[in-house]
Asker: 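For reference, the structure I am asking about is given below.
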Amino acid sequence: MKKGLFVGTFDPFTIGHDSIVRRALPLFDKLIVGVVGDNVNKPAMSPAADRIKAIADLYQGQAAIEVKPFFGLAMDFARSEGASYIVKGVRSVSDFEYEQWQADFNRRLGGIETILLYTEPELASVSSTAVRELSHFGVDVSEFLPKPNEK
């Protein structure tokens, strides 16, 4: 069984994340969405249980998608799940450079390959950080959040 892993904090899970899931799914028998549970760089994150439930509800009934929490390194989580690939979305050159060095370490130290999917152009400005900030200031962000019927 070919397994892929798509990891992130997903705070919140946006239409950009959903796009990556939908586009990566045909590449694998199983796609695991790994939700970071212990990111010390983002102490104000929504509880992992809430983020996991929201994503699991979105993909309810889709057996090829599994949502799980993870702690520690993505490459260790990938190995524990039997996933040979980590899927990442890339919006910009700076995203690419960051993901490039991570991919190198994942391959060198963990034997895990990374697949980069470029963001659809109309979604390039959508980020969890921007959505959180807009929401904080009372802006309706529903257009940036996936709906269950848009799977």
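Below, all heavy atoms of this structure are taken into account, side chains as well, without hydrogens, waters or symmetry copies.
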Asker: Are Thr129 and Ser127 close enough that a side-chain donor and a side-chain acceptor fall under 3.5 Å?
Answerer: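 No, no side-chain donor-acceptor contact under 3.5 Å.
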Asker: Just verifying a value: how many Å separate His136 NE2 and Glu133 CD, rounded to the nearest 0.5 Å?
Answerer: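 Interatomic distance, His136 NE2 to Glu133 CD, rounded to 0.5 Å: 8.0 Å.
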Asker: Between Ile115 and Val21, is there shared hydrophobic-cluster membership here, with clusters defined by ILVMFWY side-chain heavy atoms closer than 4.5 Å?
Answerer: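 The answer is yes; both residues are in one hydrophobic cluster.
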Asker: For residues Phe105 and Phe96: do they belong to one hydrophobic cluster (side chain heavy atoms under 4.5 Å, members Ile, Leu, Val, Met, Phe, Trp, Tyr)?
Answerer: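 As far as the 4.5 Å side-chain criterion goes, Phe96 and Phe105 are not connected within one cluster.
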Asker: Does one hydrophobic cluster hold both Val90 and Trp101, with members joined at side-chain heavy-atom distances below 4.5 Å?
Answerer: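 No; Trp101 is not reachable from Val90 via cluster members.
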Asker: Between Glu81 and Lys30 (salt bridge meaning N to carboxylate O under 4.0 Å), is one present in this structure?
Answerer: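 Looking at Lys30 together with Glu81, the answer is no, because their closest N to O distance does not fall below 4.0 Å.
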Asker: Find out whether Asp18 and Tyr59 are in side-chain contact, i.e. whether some heavy atom of one side chain is under 4.5 Å from a heavy atom of the other.
Answerer: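 Yes, side chains in contact.
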Asker: Tell me whether Asp50 is salt-bridged to Lys53, with the criterion being a basic N under 4.0 Å from an acidic carboxylate O.
Answerer: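 Lys53 and Asp50: not salt-bridged.
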Asker: Which residue is it: Ile52, Ile55, Val131? I am looking for the one with a side chain to side chain contact (heavy atoms under 4.5 Å, CB included) to Phe13.
Answerer: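 Running side chain to side chain contact (heavy atoms under 4.5 Å, CB included) over Ile52, Ile55, Val131 with Phe13 returns exactly one hit, Ile55.
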Asker: Let me confirm one number: the CD1-NZ distance from Ile20 to Lys88, rounded to the nearest 0.5 Å.
Answerer: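 Nearest 0.5 Å value for the CD1-NZ distance: 11.0 Å.
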Asker: Quick one: do the Tyr118 and Asp95 side chains pair a donor with an acceptor below 3.5 Å?
Answerer: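 Result is no, nothing qualifies.
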Asker: In Å and rounded to the nearest 0.5 Å, what is the NE2 to OG1 distance from His17 to Thr119?
Answerer: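 OG1 of Thr119 is found 9.0 Å from NE2 of His17.
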Asker: Minimum heavy-atom separation for Ser135 to Val141, with atom names?
Answerer: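 For Ser135 versus Val141, the nearest heavy atoms are N-CG1, 3.8 Å.
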Asker: State, with a plain yes or no, whether a side-chain heavy atom of Phe70 is found less than 4.5 Å away from one of Leu5.
Answerer: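 Phe70 does not reach Leu5 side chain to side chain.
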Asker: Please examine the side chains of Arg132 and Pro12, heavy atoms only from C-beta on, and report whether any two atoms are closer than 4.5 Å.
Answerer: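 Side chain of Pro12 against side chain of Arg132, heavy atoms only: contact under 4.5 Å found.
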Asker: How far apart are the closest heavy atoms of Ala48 and Gly37, and which atoms are they?
Answerer: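 Between these two residues, the closest heavy atoms are CB-CA, 4.0 Å.
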Asker: Treating Ile, Leu, Val, Met, Phe, Trp and Tyr as nodes and any side-chain heavy-atom pair under 4.5 angstrom as an edge, say whether Leu116 and Tyr98 lie in one connected cluster.
Answerer: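 No, Leu116 does not connect to Tyr98 through the hydrophobic network.
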Asker: For Ala78 and Ile86, work out which heavy atoms get closest and say how close.
Answerer: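 So the minimum-distance heavy-atom pair works out to CB-CG1, 4.3 Å.
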Asker: With distance as the sole test, does Lys147 use its side chain to make a donor-acceptor pair with the main-chain N or O of Ser142 at under 3.5 Å?
Answerer: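 Yes; at least one donor-acceptor contact below 3.5 Å.
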Asker: Tell me the closest heavy-atom pair linking Arg51 and Val35, and the distance in Å.
Answerer: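 Looks like NH1-CG1, 3.4 Å.
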Asker: Side-chain donor-acceptor pair under 3.5 Å between Ser128 and Asp11, yes or no?
Answerer: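 No.
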Asker: Starting from Leu27, can I reach Val67 by hopping between I/L/V/M/F/W/Y residues whose side chains sit under 4.5 Å apart?
Answerer: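 Per the 4.5 Å side-chain linkage, Val67 and Leu27 are co-clustered.
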Asker: Rounded to the nearest 0.5 Å, what's the gap from CG on Leu25 to CG on Leu31? Could you check?
Answerer: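 The CG atom of Leu25 sits 6.0 Å away from the CG atom of Leu31.
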Asker: With rounding to the nearest 0.5 Å, note down the distance linking CD1 in Ile112 to CZ in Arg79.
Answerer: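 The CZ atom of Arg79 is 6.5 Å from CD1 of Ile112, to the nearest 0.5 Å.
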Asker: Which label fits Tyr85 and Phe28: parallel for a plane angle under 30°, tilted from 30 to 60°, or perpendicular past 60°?
Answerer: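 It falls in the tilted class, 30° to 60°.
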Asker: Quick one: CG on Leu73 to CD on Gln102, what's the gap to the nearest 0.5 Å?
Answerer: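 Between Leu73 CG and Gln102 CD, I get 9.5 Å after rounding to 0.5 Å.
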